[in-house]
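Proteins get letters first, then strands, A, B, ... in listed order; numbering begins at 1 in each. Just so we're clear, the structure is a prediction, and the values are computed from it rather than from any experiment.
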There are 2 protein chains.
Amino acid sequence: MIKNKDLEKELVQKGYKITRQRKIILDTFARLKKRWITAQELYEIVIEKNPKINFSTVYRNLDILTRISILCKIDKGQGVYYYSLNNKDHHHHLICKLCGKTKSIHFCPLEYIDTENFQDFTIVEHKLEIYGYCKECMKDRLVSSGK
Amino acid sequence: MIKNKDLEKELVQKGYKITRQRKIILDTFARLKKRWITAQELYEIVIEKNPKINFSTVYRNLDILTRISILCKIDKGQGVYYYSLNNKDHHHHLICKLCGKTKSIHFCPLEYIDTENFQDFTIVEHKLEIYGYCKECMKDRLVSSGK
DNA sequence: TGCCTAAATGCAAGTATTTGCATTTAATTA
DNA sequence: TAATTAAATGCAAATACTTGCATTTAGGCA
Ligand SMILES: [Mn+2]
Ligand SMILES: [Mn+2]
Ligand SMILES: [Zn+2]
Ligand SMILES: [Zn+2]
């Protein structure tokens with residue numbers, strides 16, 4: 001169970017203020033657990049509790065929460081970003097190009113890369129996303145292509 | 001030397017038409033060699049030769065050329081995409097967060113991933129980008145932080 | 001060469017996200 | 001508790017990119 005109180009503590013500790021808007025946003029993600037939502041979907045949930053919250057406040061909070069790793073932000077290839085509570089452990093994603101389903105993988109390329117070859121480049125971040133078809137969607141593809 | 005005639009041949013072979021607009025775009029990338037440019041920069045070069053070419057034509061062509069791997073598209077983290085002629089070999093990028101310089105690397109995570117573990121997921125694409133600081137920018141950072 | 005048609009373009013409107021700036025507010029301190 | 005102030009918010013405009021639809025055009029064929 002993810003407690004929004006813990007998330008608030010983390011924010012305070014990093015010097016951010018706990019605003020009414022931010023509380024609602026954190027609370028929403030805590031209740032959604034690991035479900036992925038878009039900025040638009042978050043906005044719609046959030047205005048139920050505070051009808052005058054602004055879209056740019058939503059975006060600014062998504063940005064901060066992502067940068068401090070409370071949220072995870074992914075591009076499912078649909079022209080919109082998806083957000084959800086981040087796992088504590090470092091991971092990447094498999095993303096189904098058809099249904100958008102995602103799966104975390106604990107493989108990380110940085111463990112395999114020969115960083116000795118990059119003395120002249122200091123790595124600070126990386127992004128790996130793997131796209132394809134999940135089992136179910138692959139089945140559908142085979143069927144519709146006449147097996 | 002990259003010849004735009006070769007690029008045109010590739011397009012024809014894949015069933016695309018060679019329009020006046022497309023010729024100018026291909027020619028521009030061929031002449032720029034491996035320099036990275038944004039859609040805006042391309043548009044500005046291209047209207048010199050045909051002042052009535054439309055921005056959406058530029059975007060649509062960038063999209064097609066990227067999808068068929070004639071161009072490579074990267075996110076340097078500045079809120080705009082950069083495009084350049086693609087290498088023929090599969091590669092990924094190191095991107096400097098300060099000056100935007102990029103370096104191709106021929107390391108690919110898919111060679112290290114244990115695909116046996118993903119029988120239930122069919123991989124068709126992947127995206128790896130590594131961000132950090134290049135030698136020069138790292139030097140500047142060390143200096144400005146008081147060595 | 002002229003006709004035909006699918007593909008490409010132009011244009012205008014739409015979408016997702018970001019930003020500048022004036023105002024409000026959370027949290028610190030007196 | 002009231003005063004202070006940096007951070008956060010609201011609002012409106014900007015940016016980067018995409019899309020629908022009417023029109024044009026490349027390239028195949030008679
Ligand atoms: Mn994640
Ligand atoms: Mn590349
Ligand atoms: Zn799927
Ligand atoms: Zn640099």
[atom1] of [X] versus [atom2] of [N]: gap in Å, rounded?
{"X": "A:Phe55", "N": "C:dT15", "atom1": "CZ", "atom2": "P", "value": "12 Å"}
{"X": "B:Asn54", "N": "D:dA22", "atom1": "CG", "atom2": "C1'", "value": "14 Å"}
{"X": "A:Arg67", "N": "D:dA8", "atom1": "CZ", "atom2": "C1'", "value": "14 Å"}
{"X": "A:Tyr81", "N": "D:dT18", "atom1": "OH", "atom2": "P", "value": "11 Å"}
{"X": "A:Glu8", "N": "C:dA27", "atom1": "CD", "atom2": "C1'", "value": "14 Å"}
{"X": "B:Asn50", "N": "C:dT9", "atom1": "CG", "atom2": "P", "value": "11 Å"}
{"X": "A:Tyr82", "N": "C:dA16", "atom1": "OH", "atom2": "P", "value": "10 Å"}
{"X": "B:Lys23", "N": "C:dT9", "atom1": "NZ", "atom2": "P", "value": "13 Å"}

From CG (A:Asn61) to CG (A:Leu71), nearest 0.5 Å: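 Taking CG in A:Asn61 and CG in A:Leu71, the distance rounds to 9.5 Å.
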Would you indicate, yes or no, if [N] has its OP1 or OP2 atom less than 4.0 angstrom from a side-chain nitrogen or oxygen of [X]?
{"X": "A:Thr19", "N": "C:dA26", "value": "no"}
{"X": "B:Ser56", "N": "D:dT18", "value": "no"}
{"X": "A:Arg20", "N": "C:dA26", "value": "yes"}

Given the ring of B:Tyr81, does B:Lys73 sit roughly above its face, with NZ or CZ under 6.0 Å from the centre of the six-membered ring and within 45° of the axis?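 Here B:Lys73 passes the 6.0 Å and 45° test against B:Tyr81.
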Using a strict 4.0 Å threshold on nitrogen-to-oxygen distance, state whether A:Arg67 and A:Asp63 make a salt bridge.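 Result for this pair is yes, salt bridge flagged.
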Quick check on DNA chain D: between A:Asn61 and B:Ile18, whose nearest nucleotide comes earlier from the 5' end?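 Residue closer to the 5' terminus by nearest nucleotide: A:Asn61.
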Quick check: on DNA chain D, is the nucleotide nearest B:Tyr59 upstream (toward 5') of the one nearest B:Val12, or the reverse? Name the residue that is more 5'.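 Between the two, 5'-proximity favours B:Tyr59.
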Taking the minimum atom-to-atom distance to the side chain of [X], which one of [options] wins?
{"X": "B:Lys17", "options": "C:dT9, C:dA27, D:dG27", "value": "D:dG27"}
{"X": "A:Arg60", "options": "C:dA26, C:dC21, D:dA16", "value": "C:dC21"}
{"X": "A:Ala39", "options": "D:dA26, C:dA27, C:dT17", "value": "C:dT17"}
{"X": "A:Gln21", "options": "D:dG10, C:dA27, C:dA8", "value": "D:dG10"}
{"X": "B:Val80", "options": "D:dC11, C:dG10, D:dA16", "value": "D:dA16"}

Would you classify B:Asp63 as touching base, sugar-phosphate or nothing, given that sugar-phosphate means primed atoms plus P, OP1 and OP2, and contacts are heavy atoms under 4.0 Å?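 Nothing: the residue B:Asp63, judged by heavy atoms under 4.0 Å, touches no strand.
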Looking at every strand, decide which applies to B:Gly15 at a 4.0 Å heavy-atom threshold: base, sugar-phosphate, or nothing.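 Nothing: the residue B:Gly15, judged by heavy atoms under 4.0 Å, touches no strand.
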May I ask you to check whether A:Tyr112 and A:Phe107 place their ring centers less than 6.0 Å from one another?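 Yes, close enough.
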Within 6.0 Å of NZ in B:Lys49, more than 12 heavy atoms from elsewhere: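 Enclosed: over 12 neighbouring heavy atoms sit under 6.0 Å from NZ of B:Lys49.
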